[in-house]
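Here is the naming used below: chain letters follow the sequence lines, and residue numbers restart at 1 for every chain. Computed from a predicted model, the values in this text were never measured in an experiment.
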Amino acid sequence: MAKGRVVIDVERCKGCELCIQACPQDVLTLSDEFNSKGYRPVFLMEHENECTGCALCAVACPDACITVYREIPQKKARPAPSAAAAD
Amino acid sequence: MAKGRVVIDVERCKGCELCIQACPQDVLTLSDEFNSKGYRPVFLMEHENECTGCALCAVACPDACITVYREIPQKKARPAPSAAAAD
Amino acid sequence: METSIIIAGFGGQGVLFAGQLLTYAGMDQGRHVTWIPSYGPEMRGGTANCTVIISDDEIGAPTVARPDVAVALNLPSFEKYEPLVKPGGVLIVNKSLISEQSERTDIAIVEVRANRIAKEFGSVKMANMAALGALLAKRPLFSLDDLLQTLHDHLPKRKHNLLEANKLVLQHGYEVGMETAVPA
Amino acid sequence: METSIIIAGFGGQGVLFAGQLLTYAGMDQGRHVTWIPSYGPEMRGGTANCTVIISDDEIGAPTVARPDVAVALNLPSFEKYEPLVKPGGVLIVNKSLISEQSERTDIAIVEVRANRIAKEFGSVKMANMAALGALLAKRPLFSLDDLLQTLHDHLPKRKHNLLEANKLVLQHGYEVGMETAVPA
Amino acid sequence: MAKELLKGNVAIAEAAIRAGCEAYFGYPITPQTELLEHMSKRMPELGRTFLQAESEVAAVNMVYGAASAGVRVMTSSSSPGISLMQEGLSYIAGSEVPAVFVDVMRGGPGLGNIQPSQSDYNQVTKTAGHGDYHPIVLAPSTIQEAIDLMVLSFDLADKYRTIVFMVLDGAIGQMMEPAELPPMRELPTERPSWALTGKGNRDKNIVTSIRLGAQPLADFNDILQEKLAVIEKNELRYDELYTDDAELVIVAYGTAARVAHTAVKRLREENIPVGLFRPISLWPFPYQRLGELADRVPTFLSVEMNAGQMIHDVREAVGRDVELDFFGRPGGIIPLPEEVEDKVRAMWRQQELAAQIN
Amino acid sequence: MAKELLKGNVAIAEAAIRAGCEAYFGYPITPQTELLEHMSKRMPELGRTFLQAESEVAAVNMVYGAASAGVRVMTSSSSPGISLMQEGLSYIAGSEVPAVFVDVMRGGPGLGNIQPSQSDYNQVTKTAGHGDYHPIVLAPSTIQEAIDLMVLSFDLADKYRTIVFMVLDGAIGQMMEPAELPPMRELPTERPSWALTGKGNRDKNIVTSIRLGAQPLADFNDILQEKLAVIEKNELRYDELYTDDAELVIVAYGTAARVAHTAVKRLREENIPVGLFRPISLWPFPYQRLGELADRVPTFLSVEMNAGQMIHDVREAVGRDVELDFFGRPGGIIPLPEEVEDKVRAMWRQQELAAQIN
Amino acid sequence: MATLAFQQSEDKVLKPIEKLVYERPHALDETHTHYCPGCTHGIAHRLVAEVLDELGVQEKAILVAPVGCSVLAYNYFDVDGAEAAHGRAPAMATGLKRVNPDSVVFTYQGDGDLASIGIAEVIHAAVRGEKITVIFINNAIYGMTGGQMAPTTIEGQVTTSSPLGRDVAATGFPMHIAELLSGLPGTVYSVRRSLHDTRHIIQAKKAIKIAFEAQLQGLGFSIVELLSSCPTNWGMTPTDALDWVRDSMVPQYPLGDYKVVDELKRKRGRK
Amino acid sequence: MATLAFQQSEDKVLKPIEKLVYERPHALDETHTHYCPGCTHGIAHRLVAEVLDELGVQEKAILVAPVGCSVLAYNYFDVDGAEAAHGRAPAMATGLKRVNPDSVVFTYQGDGDLASIGIAEVIHAAVRGEKITVIFINNAIYGMTGGQMAPTTIEGQVTTSSPLGRDVAATGFPMHIAELLSGLPGTVYSVRRSLHDTRHIIQAKKAIKIAFEAQLQGLGFSIVELLSSCPTNWGMTPTDALDWVRDSMVPQYPLGDYKVVDELKRKRGRK
Ligand SMILES: Cc1ncc(C[n+]2csc(CCOP(=O)(O)OP(=O)(O)O)c2C)c(N)n1
Ligand SMILES: Cc1ncc(C[n+]2csc(CCOP(=O)(O)OP(=O)(O)O)c2C)c(N)n1
Ligand code: SF4
Ligand code: SF4
Ligand code: SF4
Ligand code: SF4
Ligand code: SF4
Ligand code: SF4
Ligand SMILES: [Mg+2]
Ligand SMILES: [Mg+2]
């Protein structure tokens with residue numbers, strides 16, 4: 001399985017859950033907190049780490065707040081310096 | 001052939017000739033005179049006397065100015081007192 | 001000086017063109033002119049008329065209640081305009097279609113067999129020209145030659161073959177007009 | 001005597017109903033009343049508010065620039081109306097959603113944890129009632145009992161199972177209001 | 001019946017029903033949609049006609065149809081929708097069938113917004129559509145008055161075979177006030193003699209606005225103008241407050257009049273001799289009464305929720321020699337009493353100053 | 001160029017083309033159809049846009065579209081068609097794109113007839129559609145003036161980004177007079193900066209009439225009103241005849257003014273001191289100049305081809321203290337000079353009588 | 001103008017052994033029409049009147065006339081009549097029918113009126129299955145205003161607003177109304193007929209009758225499109241104009257039944 | 001209201017071995033939309049923007065927005081934009097396109113806007129084969145005015161103006177716009193798609209692309225009808241609303257290609 005990652009524009013997100021519904025990996029969930037518009041935005045449960053970068057969440061999102069990345073499968077893969085890990 | 005007769009409302013007639021065109025017996029023609037509206041109305045050339053009362057002229061007339069009669073074929077036909085003849 | 005002319009008849013009698021011809025002639029002579037038609041659904045098979053004004057001054061109202069000159073090419077027009085012509089005015093009557101006679105004595109009346117004259121020279125469609133000729137005879141707004149020139153200038157090119165015939169009809173009408181005696 | 005009240009919050013916080021309840025209560029007490037909502041597309045997910053006027057006389061303008069009483073159920077409402085309350089007026093602040101504090105000393109301010117109180121008695125949807133209770137404590141337009149009666153009379157029948165809970169929330173809000181000291 | 005707390009739009013709809021409205025055709029538009037929605041619920045219940053039209057153009061022509069059948073019929077809309085009805089209105093006027101329109105005005109021009117406004121004053125009073133006529137235009141300023149005028153609208157429409165408009169702004173449509181609804185009227189069992197119902201045994205009836213000849217149309221217009229003159233005489237309605245001793249009179253209608261009312265009461269407390277003149281019928285406009293006031297009052301102020309439309313009628317009424325000023329908020333803003341007060345105070349100071357100088 | 005004998009409708013169409021009209025959208029209606037027909041022939045010849053719209057509603061919105069693209073665009077219609085354009089007009093006004101309209105008015109209300117009339121005075125001058133604005137309204141009374149004002153219409157529309165209406169009655173549309181057409185203008189090679197053409201490398205442009213908030217719409221209206229005030233100052237147009245010493249002034253425009261002109265000339269021959277005031281811009285209306293006249297002239301007469309519409313503006317201008325009477329023929333009748341003369345004579349006798357008594 | 005010498009008066013000719021084969025329908029008024037000579041508007045009027053007579057519904061019929069040459073149609077029928085705004089007849093008819101459910105309401109509309117400015121109203125009347133009957137006169141032109149292009153003007157046809165002939169690329173394609181409306185579920189009967197000769201006229205009448213029957217049975221919206229002539233604006237004699245209908249219009253506008261709901265088919269079958 | 005603690009900022013995460021799989025299309029503006037949470041108007045916007053990006057026509061695109069919830073659509077696209085009167089977008093687009101023949105003009109319209117008040121304008125744009133593209137949002141309701149019945153409201157559906165559920169006998173039958181417009185010769189592409197799940201969203205985008213290609217090739221009028229949701233006025237959660245689209249709307253409004261002219265089929269084939 002490819003490994004992917006999504007970035008949510010949380011201020012734009014309205015917490016409609018359509019991406020959650022669309023995600024085949026079930027790795028998206030609503031935040032408990034509100035954004036400044038009063039919505040609870042979605043976030044990627046990074047600890048699950050099973051996002052495939054399939055972008056179906058982005059396809060479903062009415063507010064175009066999801067950017068999707070996918071790791072490039074490399075012959076000689078060296079472990080990527082993960083930004084999340086550096087966090 | 002049945003024998004028929006048509007009566008034209010000459011004041012209503014606009015001389016469009018559609019009845020003339022429609023008549024299979026060719027017994028209608030335009031008058032040389034004008035009616036009060038300035039039209040030359042149609043009349044039945046009675047001397048031809050070949051009207052069958054088929055009413056196609058009436059079917060074609062845009063101004064509903066034609067009344068059509070047909071003689072009733074009678075077993076014991078006695079010669080009808082023709083109005084035209086009486087004229 | 002301002003002259004108002006109403007020309008009236010059935011649609012198809014060339015009423016509007018006759019009016020335009022007068023208007024062009026007036027314009028070509030440097031006068032102020034207006035031409036205005038009646039318009040409307042009643043044109044459909046009904047009567048048509050137009051009002052022409054030829055004036056030395058700027059023209060105000062383009063319509064008139066009582067014309068100086070009326071040209072009646074058919075009976076309804078005669079009935080309508082005969083009583084309206086201003087005293088001292090001119091009424092041209094198309095005798096070919098109008099058997100009634102005016103009893104007015106305060107206007108100049110010219111009866112002209114316009115249809116017949118026109119037919120003589122080729123086509124009944126030129127009846128309007130016969131009437132115009134008669135008009136000019138009684139109200140010389142401009143010379144017959146001027147009108148002929150205008151006809152030449154404004155008749156569509158494709159109709160120039162008819163010029164000569166029109167000219168003759170005009171002239172004939174003019175003569176009828178000249179010959180008609182006018183009541184005091 | 002005329003009292004103007006603005007109740008404001010998110011759509012869904014029961015702002016309009018809270019206003020209507022006050023209006024009904026005023027009417028039931030024989031006073032003149034008006035209720036007017038803000039309306040428009042900005043309602044969609046945005047804020048809602050309504051203005052209630054309760055008066056002994058005929059009421060002219062149904063909207064006010066500066067209310068006698070404001071109830072702010074969320075932060076944007078607080079920010080908008082806190083500065084506008086008339087000196088000597090009352091501001092009810094839903095402390096559950098508004099952490100900011102007013103620095104005004106010329107009005108009575110009641111901070112009430114409306115969401116929490118409402119939740120305690122069953123549903124956060126009754127936060128509006130907690131705020132109304134606090135309002136009545138500081139501006140006794142009518143007695144709490146009168147308001148309860150009005151609630152009983154105007155709450156749709158199918159919601160009467162919620163009457164008791166609403167009553168408790170109102171009372172609780174009222175107590176918070178009574179306990180809040182008012183600056184001179 | 002006792003007073004109930006009623007929302008303007010709903011109260012109007014229910015009042016129309018009780019006044020005997022048998023058919024409603026309309027198209028949704030804020031801020032009058034609750035009126036249509038109330039009709040959609042109530043009319044079928046009562047076995048009457050409710051139909052959501054495909055557009056305001058269709059709605060006005062459906063109204064025209066039902067009106068031609070001699071039933072009490074109405075529609076409601078808001079400014080852009082009323083613009084779309086102009087042709088149909090003119091046809092209805094030209095055929096003299098009775099019909100009732102409610103216009104809950106909003107901010108313009110164009111799509112503008114849906115906030116309360118008085119932007120249609122000209123469009124409804126000056127001649128709705130082409131040709132020479134005026135609908136009767138009534139402008140309530142409370143919900144009770146809206147109810148009462150709604151009933152009156154149907155009666156006047158029938159009486160004069162004319163269009164009656166009730167115009168209000170979004171504020172009156174949206175607000176709630178205690179008011180009393182009229183009792184439910186019985187529906188008439190017969191249609192008027194001119195109504196289209198199928199000719200049966202009588203001669204055929206025709207409803208049309210065509211008069212192809214100039215003279216027939218002129219004659220019709222003369223008759224129409226005579227009727228309008230009668231209406232102008234009989235159907236003037238207005239209200240006055242403190243005008244007896246006022247030296248400055250505010251002219252305002254609808255919500256603007258309510259705002260002015262508050263301002264006037266407060267200004268009187270300051271001893272500023274201000275009064276309020278409130279036209280209730282915008283057409284016919286009370287020119288004469290305002291003229292009488294102008295004989296005595298030196299200063300007028302037109303307060304409107306627009307950029308100044310009625311002010312032209314006020315000017316026509318009061319003449320050139322009195323002071324006439326304007327205070328208005330176009331674009332969907334309800335003016336505040338304080339703003340009106342400030343304006344009046346400034347005018348009053350000016351006037352006192354002028355008085356001192358003279 | 002030399003004078004030609006031109007029919008009003010055709011002259012106007014050709015003048016528009018020469019003024020740089022790049023697009024025409026319209027729907028046939030008597031008595032302006034020759035205008036559309038001329039466009040249908042000429043515009044494609046010139047590689048410009050002609051489209052017969054499916055209705056006047058579509059036509060005005062096509063105009064709105066082409067105007068948004070920054071080209072010179074026009075439509076033409078007659079009274080019922082103009083009624084159907086009211087919503088679109090209001091949108092165009094609300095988005096401040098320039099557009100030109102020709103209204104060849106006919107008799108109303110309703111279908112009425114197709115005879116010459118001035119039945120749309122209110123509908124075009126008072127605010128075309130809902131909201132607070134006025135199009136510039138120009139009223140020619142000769143064909144030459146129609147040509148000149150047609151060219152001016154496009155220039156004013158562009159200059160102020162506004163709607164310009166040229167209104168005439170069927171008589172001017174149908175009549176022929178000698179007149180001179182202007183030379184053919186070059187079309188501009190660039191579109192205005194605000195025009196919708198595809199954003200290319202610039203920031204996007206938006207053409208809209210929405211301002212959802214009350215304050216933004218109020219602000220827009222304030223800007224609009226300021227613009228209208230500038231137009232009121234700059235674009236007043238009128239004509240006077242014998243007004244210097246007149247003691248009775250006729251106010252009339254269009255064909256009515258021509259009729260009045262004839263009447264005035266004849267009445268002067270009778271030594272009746274009558275003058276003619278002819279507004280050319282109906283909006284802005286020359287209130288002030290008429291007011292100045294009213295300072296001196298005791299009696300006015302409004303002559304219109306309707307039942308009395310402009311007379312309200314005249315009254316507003318001249319005040320309550322002068323005599324103001326009306327002579328009009330609604331329904332498609334062109335009044336006769338004789339009728340106007342009779343009216344004036346009667347008024348004059350009255351006035352002389354009054355002078356004797358006082 | 002001389003009046004006629006050979007006036008044939010009824011009284012002279014009534015003979016007991018003759019039967020009346022055709023007479024002017026009762027549902028027509030006595031008023032003379034203003035139509036041009038040979039204009040098929042007159043034929044369409046007559047057919048409708050004959051059908052009203054045959055169905056015995058003259059007394060409950062209400063006509064809604066359009067704006068177009070038939071603007072005065074209410075003068076020519078002896079039934080209650082209204083005059084709608086241009087294109088809005090179906091909306092007006094809706095208002096009339098909704099409050100007069102027992103009446104027989106029909107509109108009579110030209111192609112400019114129905115297909116151009118009034119397409120919205122007729123479509124929505126059909127969408128609603130409004131129980132009205134529409135008689136639609138397709139003469140490929142705006143007759144009344146003097147011969148401008150209509151939505152039904154055929155490709156290449158010269159009109160006063162398509163002086164070089166209709167260019168479909170710029171001005172659009174001829175509209176097929178009977179087909180278009182047949183696609184709407186509220187439509188129960190939508191057919192096209194022609195008036196270009198007696199055979200077709202007789203067929204047209206049959207269709208008109210079914211269309212009214214559909215209304216009488218409360219089934220829904222019915223429309224009969226009639227290919228018609230406008231000799232005046234086409235610049236033809238009446239007879240040439242009918243030939244043009246046959247030769248140029250019929251190929252463009254195929255005659256036929258585009259929708260006949262089963263209930264109507266069954267009824268027809270039983271007869 | 002607390003702001004978020006877990007803001008994921010771009011800079012922290014850009015890694016060379018990752019590729020960008022999906023990003024917000026350039027043809028969308030940065031402005032946040034005012035649409036309700038989960039409203040599919042947003043999805044439709046995004047798809048159109050993606051297509052404009054892919055075709056490289058953002059710079060020559062002109063949007064004509066409707067009156068309806070998407071009234072402010074011009075704020076959300078980064079293209080030239082106009083706001084039409086209710087229902088008149090196709091007429092306005094016609095005006096724009098005729099004088100800007102090289103631009104890409106599209107309308108975006110709701111079902112109240114297009115199918116109800118604006119049916120005449122869209123039909124005539126199609127009749128003329130106007131070279132514009134129409135994106136038609138069918139959400140079976142009037143969203144903006146608070147949930148009244150639309151021409152596309154399905155039988156029995158409760159709305160604020162059909163409180164007992166739509167009674168088709170009284171109020172008419174649901175309108176099938178893609179089918180209706182496919183019958184007009186000027187239409188070169190007319191299809192219906194749905195936005196109720198990702199598979200259908202992807203199909204919808206393909207259709208939108210073809211519709212724009214039809215315009216770019218100058219073929220004629222193209223329209224894509226999109227079955228959409230209005231969670232707010234339907235009183236459902238966004239996800240339930242999509243289920244309702246699938247379960248109640250799709251059966252009423254069959255998805256499919258109602259018209260694809262050969263030129264477009266060939267083009268598609270070659271790709
Ligand atoms: C709103 C409006 N627009 C335009 C007209 C002008 N007009 C009158 S009839 C007509 C067209 C008539 O054509 P059609 O419907 O085909 O009927 P026909 O005369 O051919 O029978 C037009 C455009 C009008 N009266 N009203
Ligand atoms: C002439 C006119 N009539 C009515 C309205 C009110 N109105 C605004 S949006 C709308 C309907 C919108 O519904 P739809 O087109 O389905 O769009 P949605 O909101 O569902 O996306 C209506 C009736 C208006 N603005 N203008
Ligand atoms: S990219 Fe695919 S797997 Fe990752 S969150 Fe989105 S839908 Fe889920
Ligand atoms: S689909 Fe978009 S708006 Fe909805 S919850 Fe997911 S990220 Fe947020
Ligand atoms: S009835 Fe038949 S035969 Fe007789 S005139 Fe008429 S068409 Fe000819
Ligand atoms: S068809 Fe009728 S109108 Fe025409 S010529 Fe024959 S009788 Fe006369
Ligand atoms: S103009 Fe044409 S459609 Fe009209 S009456 Fe004459 S022939 Fe018939
Ligand atoms: S009301 Fe409906 S259509 Fe409008 S934004 Fe909200 S969910 Fe979308
Ligand atoms: Mg036609
Ligand atoms: Mg919708």
J.: Using the rule given for side-chain hydrogen bond (donor to acceptor under 3.5 Å, both in side chains), can you reason through Y253(H) versus T152(H), listing the C-alpha separation, both sets of side-chain angles and the distance that settles it, and then say yes or no?
T.: CA-CA 9 Å; Y253(H) 294 108; T152(H) 48; 4.7 Å; no
J.: Given heavy-atom pairs under 4.5 angstrom as the criterion, report whether the side chain, backbone, both or neither of A55(A) touches chain H.
T.: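 Contact with chain H is through the side chain of A55(A) alone.
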J.: What option among G53(A), C61(A), C65(A) has the most heavy-atom pairs under 4.5 Å with chain H?
T.: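 Maximum pair count with chain H is reached by C61(A).
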J.: Nearest heavy-atom pair of T133(H) and A211(H): which atoms, and what distance?
T.: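 Looks like OG1-O, 3.3 Å.
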J.: I need the minimum non-hydrogen distance between L28(H) and R24(H), along with the two atoms involved.
T.: CB-NH2, 3.9 Å
J.: Could you pull out the closest heavy-atom pair between F136(H) and A115(H), with the gap in Å?
T.: CZ-CB, 4.5 Å
J.: Relative to chain H, which segment of I66(A) carries a heavy atom at a distance below 4.5 Å: side chain, backbone, both, or neither?
T.: backbone
J.: I need the single residue from K3(A), R5(A), R70(A) that forms a side chain to side chain donor-acceptor pair (under 3.5 Å) with E18(H). Which is it?
T.: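 Filter result, single survivor: R5(A).
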J.: Can you see which heavy atom on P62(A) is nearest to which on C39(H), and at what distance?
T.: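 In terms of heavy atoms, the two residues are closest at CB-O, 3.3 Å.
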J.: Using a strict threshold of under 4.0 Å (side-chain N to carboxylate O), is an ion pair present between E30(H) and R12(A)?
T.: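 Salt bridge present between R12(A) and E30(H).
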J.: What part of S229(H) gets closer than 4.5 Å to chain A, counting heavy atoms only: side chain, backbone, both or neither?
T.: neither
J.: At under 4.5 Å between heavy atoms, what parts of residues 234-245 of chain H are in contact with chain A? List them by residue number.
T.: P238(H), T239(H), L242(H), D243(H)
J.: In terms of side-chain geometry, is the basic nitrogen of E213(H) or K209(H) positioned less than 4.0 Å from the acidic oxygen of its partner?
T.: no
